[in-house]
Protein chains: 2
Amino acid sequence: MLAAPLRSELAAVLGGERLIDDPMSLALYASDETPRACTPAAVAFPMSHAEVAALVRIAHREGLPLVPRGAGSGNVGGALPAPGSLVVSFECMQRVLEFRPEDRYIVVEPGVITEEIDRIARSAGLMYAPDPGSGAYCRIGGNLAMNAAGPRCVKYGATRDHVLGLRAVTGDGREIRAGSRTSKYATGYDLTHLLVGSEGTLALITEATLRLVPAMEQIVTLRLCFASNRAACEAVQRVMRQPVLPCALEFMDRRSIEALREYGGAEHLPPGTEAVLMLEADGDADEAPRRLAALEAACRGAGLIEAQSGFSAAEIASLWTARKSLSHAVKKIAPLKINEDVVVPVSRLAELVDAIDALGHRHDLPLVTFGHAGNGNLHVNLMVHPDDAGEMARAAACRRALIETVLALSGSLSGEHGIGSEKRRFVELEIDPASLDLMHQLKAVFDPRGILNPGKKLPDPAGL
Amino acid sequence: MLAAPLRSELAAVLGGERLIDDPMSLALYASDETPRACTPAAVAFPMSHAEVAALVRIAHREGLPLVPRGAGSGNVGGALPAPGSLVVSFECMQRVLEFRPEDRYIVVEPGVITEEIDRIARSAGLMYAPDPGSGAYCRIGGNLAMNAAGPRCVKYGATRDHVLGLRAVTGDGREIRAGSRTSKYATGYDLTHLLVGSEGTLALITEATLRLVPAMEQIVTLRLCFASNRAACEAVQRVMRQPVLPCALEFMDRRSIEALREYGGAEHLPPGTEAVLMLEADGDADEAPRRLAALEAACRGAGLIEAQSGFSAAEIASLWTARKSLSHAVKKIAPLKINEDVVVPVSRLAELVDAIDALGHRHDLPLVTFGHAGNGNLHVNLMVHPDDAGEMARAAACRRALIETVLALSGSLSGEHGIGSEKRRFVELEIDPASLDLMHQLKAVFDPRGILNPGKKLPDPAGL
């Protein structure tokens, strides 16, 4: 509960109506996709940059923790409320402030839904390239916070690669502008890319200028069935060694296929299929099929059982629905999914997948693995029963071993989901103390009282 | 002159031999391409990350200014020595530490020549995309410092878009590692992109992991002659509104063509040509010509006099030599070139070029304008005689008016050359006080004693 005078002051900023703190509503904002919850003191729904700035100035004065929130679709606890915090929901900041197809950019508020940006871009022959699995309901502010990505990013890059500039409010209420509306920029320090992926711990983003790219006339899809994980991974490595870039290169392991068989989407897989790749090529009507042929040629090799293309639009939609629904489908295996989002250089992918297999056996856990193989980015899902203490202990050990494996393969803790509250205890395994110390110092510059999304992204500073 | 004990200590770090301070040598390191010079106290030639770190720790202790230097080919005074400073030349750090075509990255030291990186990449069917005009002799460290770009960047992005990770030494001698060797990354704060373009004021970069992209099989070139600057700019705007991206889209105005007529490279231009575009398309042997045709179609319109393609390799090389030699050719007009490197959203290009024309008339100065029109990035060269005080005063007024015009068109001070010592007095016209203040605070975190490249990039903090 906020103290009454503070509550009134905040409510006044928000037009009297857009601050809620009834228990029913608060429960809706107590968690994201992480199996953990913490009820906030209240939820604010600002409608403009000015309202965000006013909120932050009050919170800074009071030392009130602020937890920014988009759709709450993150799965590392990035939007998990801190005790006594004010959740700042950007749901009401949904305006498109500027759309300039002739300059290939769009300026949006953080509450705009990601696919809506893409839809607007396509009205002018352009697209917004990053395509997270949650694109139909997630909000761009969350994508910016986490540096979200998706299948297309193997060709087009992640969120950070598509941000030209930002407007934001630092933790002490300063309004800053970063970047530009131009496609090249060499003037100030690059605060834009620093804020993207900082998970709301440095500043609250209130406007983003996003780069748009030409939409391709045609996309063609290839489904490849392999006799083993290793055969599929080796095909991925061959694809990424030749010149034609796919606009999607997705991997599903044997356990994923089992989940799909239950949930739908594994129809007509030939016998013996233990791993599947979904591969797409884009271009104009001539280019796309020729590129697909080059990609298919690269995939041919030991262990390839079937390569099928020429799908109808409906079949392609169904293939993607299956792939994108995997993160829900796995919940049939066990009620709790511990989702790791690891990334390695693509040349190490086969080693990683072998190691994951061995870890599943060693720790006696079902590990379901799928993801953006062209980036070396896999989602490894440890399926567990939360009330089985032994299983939970095995999962904790398995998870740590997985992360150590990934780091030994020159990889990183997170490819696209971010760190949030759930992975920050592993950050010190990857980032050296001097670099971490510097990051803490940067945090103190942006947010001297530490009110912005506390307990996220970085481990606590040494000595705390 | 360095005090003898300090000189000995620094020399000991550098193997006894790689510290020079004889007047003849110092004169060579007193300036870059800017018409300004300041003799440093000494020049150091470290050969490794460890030597750089040792130098910085000593300099931090002593408060000794350090001025990092690549090839000295910058033209905003980024490598201009500060009084009493130690120039840190990266010429001896030329190793390629890792080349992994299968993961599309290369790890290099900062002294490697930019085109050498591209050459190595091409041995495996890849390329390093940024292609500054000085690529044959500039060093990647300077490119990283300034966020350098070049013609190809209209399709592929600038230096910052091609850096996966860095190793660096902060101003207080801390060794940091930023980014990763993976093509996706969502773990720590993005120090990588913050350091790129920071002009050596935050840290000295000692290793860079660079992203490589597939090299295209074929490049085809189109030269377009227009009856006016405006007609050429409108063609650029049409090109950038349609889906096919050129891999170069270069503009030369009437004055540039005059300079070329003197210097070579303007042969066979049809009568009435007042502006030229050079446009390139890449792809495989089928794609490239089809893309060029789409681009040519977009260029057709009022004021197009001639569109010529089908050049031989020798002719294309000669076209590019002419374009790239323009920055030297203009010196025939007047001995001193004040080079502005402005950038606007491409839809404002025609307005900018009209305004430049008007500024030249109003201030009675020859302004030679050319550049990367597809990015809205123009190099505006104010040609002056430095001993003509009246002309110099007109140039100063013209320059300021140009910058105000660019900012009014939603543009930025620098597209690819950076700020250095020469443009920092204009930075406050573009960046608001709160954002600048934050940048100064970040500088203080990285470099608490202010020893790294003082007097560059940012204006002095308010109150100094």
Side-chain angles (χ1 to χ4, degrees), chain A residues 100-103 125 146-147 149 153 158 160-161 170 174-178 180-190 193-194 196-198 214-215 237 241 243 245 287 343-347 375-377 410-419 427 430-432 434-435 438-439 441-442 445, chain B residues 100-103 125 146-147 149 153 158 160-161 170 174-178 180-190 193-194 196-198 214-215 237 241 243 245 287 343-347 375-377 410-419 427 430-432 434-435 438-439 441-442 445:
Chain A
R100 295 192 68 90
E102 64 276 32
D103 294 315
M146 306 320 257
N147 192 23
C153 297
R160 185 177 281 129
D161 301 312
T170 62
R174 284 182 282 180
E175 304 184 27
I176 58 170
R177 285 179 183 274
S180 71
R181 280 165 162 69
T182 55
S183 57
K184 269 173 147 177
Y185 180 69
T187 301
Y189 290 151
D190 183 0
H193 291 92
L194 179 63
V196 176
S198 68
Q237 292 167 208
R241 285 197 76 146
L245 272 170
E287 285 165 353
V343 57
V344 294
V346 75
S347 69
N375 288 114
N377 179 206
S410 304
S412 179
L413 283 180
S414 175
E416 59 175 20
H417 289 173
I419 299 300
V427 170
E430 177 172 339
I431 303 182
D432 62 278
S435 303
L438 190 77
M439 291 179 193
Q441 288 182 285
L442 298 184
V445 164
Chain B
R100 296 192 67 89
E102 64 276 30
D103 294 315
M146 307 320 258
N147 192 22
C153 298
R160 186 177 281 130
D161 301 312
T170 61
R174 285 182 282 181
E175 305 184 27
I176 59 170
R177 285 179 184 274
S180 71
R181 279 165 162 69
T182 56
S183 57
K184 268 173 150 179
Y185 180 70
T187 301
Y189 290 151
D190 183 0
H193 291 93
L194 179 63
V196 176
S198 68
Q237 291 167 208
R241 284 198 77 145
L245 272 171
E287 285 165 352
V343 57
V344 294
V346 75
S347 70
N375 289 114
N377 180 204
S410 304
S412 179
L413 284 179
S414 176
E416 58 176 20
H417 289 173
I419 299 300
V427 170
E430 178 172 340
I431 302 181
D432 62 279
S435 303
L438 191 78
M439 291 179 192
Q441 288 182 287
L442 298 184
V445 164

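All values below come from the heavy atoms of this structure, side chains included, with hydrogens, waters and symmetry mates left out. Lettering follows sequence order; numbering is per chain, from 1.
When the candidates B/Pro101, B/Ala178, B/Ser198, B/Gly197 are compared by the number of heavy-atom contacts under 4.5 Å with chain A, B/Ser198 comes out ahead. Ranked by heavy-atom pairs under 4.5 Å with chain A, the list B/Arg100, B/Gln441, B/Gln237, B/His417 is led by B/Gln441. Between chain A and the options B/Ser180, B/Ser183, B/Pro345, B/Pro214, heavy-atom pairs under 4.5 Å are most frequent for B/Pro345. Contact count versus chain A (heavy atoms, under 4.5 Å) is highest, among B/Thr170, B/Leu438, B/Val346, B/Leu245, for B/Leu438. Across A/Asp103, A/Ile176, A/Leu194, the residue that shares the most heavy-atom pairs under 4.5 angstrom with chain B is A/Asp103.
Each of B/Asn377, B/Val343, B/Asn147, B/Asn375 was evaluated against B/Glu416; a single residue qualifies, B/Asn377, per the side chain to side chain contact (heavy atoms under 4.5 Å, CB included) test.
Both the backbone and the side chain of B/Leu413 come within less than 4.5 Å of a heavy atom of chain A. Contacts between A/Met439 and chain B at a heavy-atom distance below 4.5 Å involve backbone atoms as well as side-chain atoms. Contacts of B/Arg177 with chain A are made by both backbone and side-chain atoms, with heavy-atom separations under 4.5 Å. With a threshold of 4.5 angstrom between heavy atoms, A/Val344 approaches chain B through N, CA, C or O but not through any side-chain atom. Of the two parts of A/Ile419, the backbone and the side chain both hold a non-hydrogen atom closer than 4.5 Å to a non-hydrogen atom of chain B. When heavy atoms are compared at a cutoff of 4.5 Å, A/Asp161 does not approach chain B at all. Contact annotation for A/Glu430: only side-chain heavy atoms (C-beta onward) come within less than 4.5 Å of a heavy atom of chain B.
Side-chain atoms of A/Thr187 and B/Ser412 include a donor-acceptor pair closer than 3.5 Å.
Between A/Arg160 and B/Asp190 there is a salt bridge, since a side-chain N of the basic residue sits under 4.0 Å from a carboxylate O of the acidic one.
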